[in-house]
Amino acid sequence: MTDAAPPSTALPDDAAMDRRDIRALLRVMARLRDPQTGCPWDVAQDFSTIAPYTIEEAYEVADAIDRGSMADLVDELGDLLLQVVFHARMAEEAGAFAFPDVVEAIVTKMIRRHPHVFTREGGADQDAVRRRWEDIKAEERAAKAARADAASPSLLDDVGRAMPALMRAAKLGKRAARIGFDWPDARDVLDKVAEETAELREAMTAGHDDAVREEVGDLLFSVAQLARKLHLDPEDALRRADAKFERRFRALETRLAPEEGGRPVDADRLEALWQAVKASEAEAARTAQDSPGPEDKETT
């Protein structure tokens, strides 16, 4: 008995096409979306069901970059590109636009937003480039509002509603700051954080659930502005805090007795273990700092 032949990996319609050619991916997607011979799952999707995957893949790209893994990055960028092709294919089926229109739109936008590169306005410094970029985006927002018959375009018009709330909070604050609607410096925002904390405490004491939810939101919004004024990305800061908590909690778990694993443990014991983990980390950091680097070691 002979082994079964491996499944074919030939590209649809043109097995000889170079897989590095974007047309190969477009053909693969067309095949997947074919109502008669395609994949039932792919055929059943629409823009709203695919959107969460698009967001997820963008985060996977960021994660690969954060880990410094080029092997994973090339894979994740492919997954993200697939999302673009998927949306473009569905739009083409609906008669709205196709992938070449997506390419044309972004090429046109990049040329329009970089007159210092593609026209005779060259030689601008970074500040001038940033100001011109913002002016062009403002013009684009006004034109978009006019097409939509909006009465008055806003600085906030293109701050995406689907982006993570913490990231969006910082961006909303940054946009409002363009007309001076902002705190003078980070210390003033820190006072606002304290104020919102006090209001949250009052709402918790009163026991009003809706008020508590609102005050928690106000507190988070203020913290996002604090990060912005400190020139920090609040999403990045929170991701780092997540990673630190996960690292320390895993270390805490290793210190639990076998019979304690997976079950509630005395709060005082947990706090003691937590502090021990933190102390161990601090000691490891001091040791690493005191250790001589390669340039400090004597050579023979």
Side-chain angles (χ1 to χ4, degrees), residues 6-114 137 140-141 143-145 147-148 156-172 233 235-236 238-239 242:
S8 173
T9 57
L11 290 173
D13 304 325
D14 190 352
M17 177 170 282
D18 187 346
R19 296 187 183 201
R20 296 168 297 179
D21 190 322
I22 187 63
R23 291 173 295 178
L25 180 56
L26 295 174
R27 289 187 177 187
V28 166
M29 179 51 63
R31 178 69 176 270
L32 292 172
R33 288 281 298 179
D34 188 293
Q36 304 301 323
T37 61
C39 170
W41 186 90
D42 290 281
V43 173
Q45 304 311 305
D46 58 31
F47 294 110
S48 62
T49 61
I50 290 299
Y53 295 102
T54 307
I55 296 170
E56 179 181 339
E57 294 301 347
Y59 277 111
E60 295 292 343
V61 168
D63 179 64
I65 293 172
D66 188 57
R67 290 184 287 104
S69 174
M70 292 297 103
D72 287 346
L73 180 57
V74 68
D75 190 54
E76 297 300 344
L77 285 172
D79 290 345
L80 185 57
L81 177 59
L82 176 66
Q83 299 300 307
V84 177
V85 169
F86 208 137
H87 286 287
R89 179 63 193 181
M90 291 186 291
E92 183 176 3
E93 293 167 358
F97 59 83
F99 184 78
D101 301 306
V102 176
V103 176
E104 180 185 21
I106 190 59
V107 169
T108 301
K109 181 186 294 184
M110 289 299 98
I111 292 174
R112 182 175 65 247
R113 290 185 177 180
H114 294 82
K137 290 183 68 176
E140 291 173 355
R141 284 193 295 272
K144 186 175 182 179
R147 291 195 301 271
L156 311 181
D157 280 345
D158 61 345
V159 180
R161 296 180 182 275
M163 68 173 57
L166 197 63
M167 181 188 300
R168 189 167 192 264
K171 192 163 187 177
L172 288 170
D233 177 354
E235 283 287 328
D236 178 66
L238 184 56
R239 279 196 297 269
D242 289 344

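- Put simply, the side chain of F99 reaches to within 4.5 Å of the side chain of I22, judged on heavy atoms.
- E140 has a carboxylate O that lies under 4.0 Å from a charged side-chain N of R113, or vice versa, which qualifies the two as a salt bridge.
- The side-chain heavy atoms of F86 and T54, taken from C-beta on, include no pair separated by under 4.5 Å.
- When the side chain to side chain contact (heavy atoms under 4.5 Å, CB included) test is applied to R67, the partners found at least two apart in sequence or on another chain are D63, A64, S69, D72.
- Shown here are the ring-ring contact (aromatic ring centres under 6.0 Å, His included) partners of F97, two or more places apart in sequence or in another chain: there are none.
- Between atom CD of residue E57 and atom CG of residue D75 there is a gap of 9.0 Å, rounded to the nearest 0.5 Å.
- Considering all non-hydrogen atoms of both residues, T37 and D34 come closest at N-OD1, 3.0 Å.
- For Y59, there are no ring-ring contact (aromatic ring centres under 6.0 Å, His included) partners, not counting sequence neighbours.
- Residue pairs satisfying the salt bridge (charged side-chain N to carboxylate O under 4.0 Å, His left out) criterion with at least one member in residues 76-87, sequence neighbours excluded, are absent.
- Ring planes of F47 and H87: parallel class, angle under 30° (limits at 30 and 60°).
- Every pair passing salt bridge (charged side-chain N to carboxylate O under 4.0 Å, His left out) that includes a residue from residues 83-108 is listed here, sequence neighbours excluded: R33-E93, R89-E92, R89-E93.
- Of the possible donor and acceptor atoms, one in the side chain of R168 sits under 3.5 Å from a partner among the backbone N and O of V159.
- Rounding to the nearest 0.5 Å places CD1 of I65 at 11.5 Å from CD of E60.
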| Going through the checks in order, is the side chain to side chain contact (heavy atoms under 4.5 Å, CB included) test met by I50 and M90? | CA-CA 10 Å; I50 290 299; M90 291 186 291; 4.0 Å; yes
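- Taken from CG in D157 to NZ in K137, the straight-line distance is 12.0 Å, to the nearest 0.5 Å.
- Rounding to the nearest 0.5 Å places CG of L32 at 14.5 Å from CZ of R27.
- The line from CD1 of I55 to CD of Q83 is 10.0 Å long, rounded to the nearest 0.5 Å.
- Residues passing the side chain to side chain donor-acceptor pair (under 3.5 Å) test with D66, sequence neighbours excluded: none.
- Remark: side-chain polar atoms of T49 are paired, donor with acceptor, to backbone N or O of D46 under 3.5 angstrom.
- The side-chain heavy atoms of R112 and T108, taken from C-beta on, include a pair separated by under 4.5 Å.
- Rounded to the nearest 0.5 angstrom, L172 CG and M163 CE are separated by 8.0 Å.
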